[in-house]
Amino acid sequence: QVQLVESGGRLVQAGGSLRLSCAVSGRTFSHYGTGWFRQAPGKEREFVAAISWTTSTTHYADSVKGRFTISRDNTKNTVYLQMNNLGPEDTAVYYCAVSKTIGLPSSTYQYDYWGQGTQVTVSS
C-alpha cells in the first residue's frame, strides 16, 4: 500500500507562486512514476505533470508548460510542484498520484494511488 499526503495549497493572487509537496510513504517502488492532477469545480480531473521516480524524465500538460515545474527528492520520498505565474484558471484541488504503469502516464485510470488533495485558489 502507498500513502500520499499533499500540502502547500492556499489562496494566492494572480501572478504569484506556490510550491506544492507530496509526501509518499508505504510500499514505494523505484520504478513508479508520480503525477500531479487537478480538478476545478464542475470539471473533470486533468493531468498537470508527471516525473519518473528514478530518472529526471518529466512530462507536462500544455496548459502549464513553462510555468510549472515538477521535481522530486528521493531522500525524502517527496515530490514537488512549483507553480509560477498563477492565474485564476489554475484554481483547483491539486492531487498527487502514483502509477505502476511504465513511463509517464497522463490518464487518471493509469494511476493506482491518490492523495486527498490540496486546494489552490488564485484570485484575480
Side-chain angles (χ1 to χ4, degrees):
Q1 193 69 13
V2 177
Q3 295 82 41
L4 303 97
V5 178
E6 304 96 333
S7 61
R10 61 177 177 86
L11 173 65
V12 64
Q13 288 188 336
S17 298
L18 277 179
R19 189 178 80 158
L20 305 183
S21 299
C22 173
V24 184
S25 61
R27 190 182 184 189
T28 58
F29 293 89
S30 61
H31 59 277
Y32 282 9
T34 306
W36 285 96
F37 289 75
R38 65 186 182 186
Q39 188 167 17
K43 295 187 177 181
E44 294 187 352
R45 193 168 298 188
E46 65 174 3
F47 171 76
V48 175
I51 187 168
S52 169
W53 201 252
T54 55
T55 70
S56 299
T57 306
T58 57
H59 176 45
Y60 295 94
D62 289 342
S63 59
V64 305
K65 279 182 182 177
R67 299 189 300 125
F68 291 11
T69 303
I70 188 171
S71 62
R72 57 154 173 56
D73 184 337
N74 288 2
T75 64
K76 297 181 180 180
N77 281 344
T78 301
V79 177
Y80 304 98
L81 185 68
Q82 177 67 42
M83 306 186 294
N84 298 328
N85 193 23
L86 286 161
E89 67 277 10
D90 297 312
T91 294
V93 177
Y94 283 72
Y95 297 90
C96 176
V98 166
S99 172
K100 294 188 285 186
T101 301
I102 294 175
L104 296 174
S106 58
S107 298
T108 56
Y109 71 87
Q110 293 173 302
Y111 283 79
D112 304 277
Y113 304 99
W114 293 83
Q116 83 290 348
T118 185
Q119 176 70 49
V120 172
T121 304
V122 184
S123 63
S124 57

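Numbers here simply count residues along the sequence, with the first being 1.
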Heavy atoms, side chains only, cut-off 4.5 Å: are N77 and S25 in contact?
-> no
Nearest heavy atoms of A49 and L81, plus distance in Å | CB-CD1, 4.3 Å
Note, T118 side chain near S7 side chain (heavy atom, < 4.5 Å) = no
Interatomic distance, CD@E44 vs CD@Q39, rounded to 0.5 Å, equals 8.5 Å
Shortest non-hydrogen contact from S124 toward A14 = CA-CB, 4.2 Å
Sorted by chain and number, sequence neighbours left out, side chain to side chain contact (heavy atoms under 4.5 Å, CB included) with D73 holds for T75, K76, Y80
Does L11 sit in a hydrophobic cluster with other residues, and if so which ones, taking ILVMFWY side chains as linked at heavy-atom separations under 4.5 Å, directly or through other members?
-> none
Counting only N and O atoms by type, is there a donor-acceptor contact under 3.5 Å from the side chain of S107 to the main-chain atoms of Y109?
-> no
Joining Ile, Leu, Val, Met, Phe, Trp and Tyr whenever any side-chain heavy atoms lie under 4.5 Å apart, the cluster holding Y95 also takes in F37, F47, V93, Y111, W114
Walk me through it: do L20 and E6 pass the test side chain to side chain contact (heavy atoms under 4.5 Å, CB included)?
-> CA-CA 7 Å; L20 305 183; E6 304 96 333; over 6 Å; no
Hey, what do you get for CG (D112) to NZ (K100), rounding to the nearest 0.5 Å?
-> 4.5 Å
Go through the structure and list residues passing side chain to side chain contact (heavy atoms under 4.5 Å, CB included) with E46, not counting sequence neighbours.
-> R38
Any donor-acceptor pair under 3.5 Å linking the side chain of T91 with the backbone of V122?
-> yes
What's the shortest heavy-atom distance between Y60 and T69, and which atoms?
-> OH-CA, 3.3 Å
Taking the side chain as every heavy atom from C-beta outward, state whether Q13 and L86 have any atom pair closer than 4.5 Å.
-> no
So disulfide (SG to SG under 2.5 Å) across residues 54-90, not counting sequence neighbours, yields none
Quick one: closest heavy-atom pair of V12 and G16, and the distance?
-> CG2-CA, 4.1 Å
Kindly indicate whether the side chain of R72, heavy atoms from C-beta on, has any atom under 4.5 Å from the side chain of T34.
-> no
ILVMFWY network linking I70 to L104, side-chain heavy atoms under 4.5 angstrom | no
Any chance you could measure L4, atom CG, to Q116, atom CD, to the nearest 0.5 Å?
-> 9.0 Å
Non-hydrogen atoms of D90 and R67 that approach each other most closely = OD2-NH1, 2.8 Å
Provide the closest heavy-atom pair for Q110 versus P105 in the form atom of the first, atom of the second, distance.
-> OE1-CB, 3.0 Å
Pairs flagged by disulfide (SG to SG under 2.5 Å) wherever residues 82-116 is involved - sequence neighbours left out | C22-C96
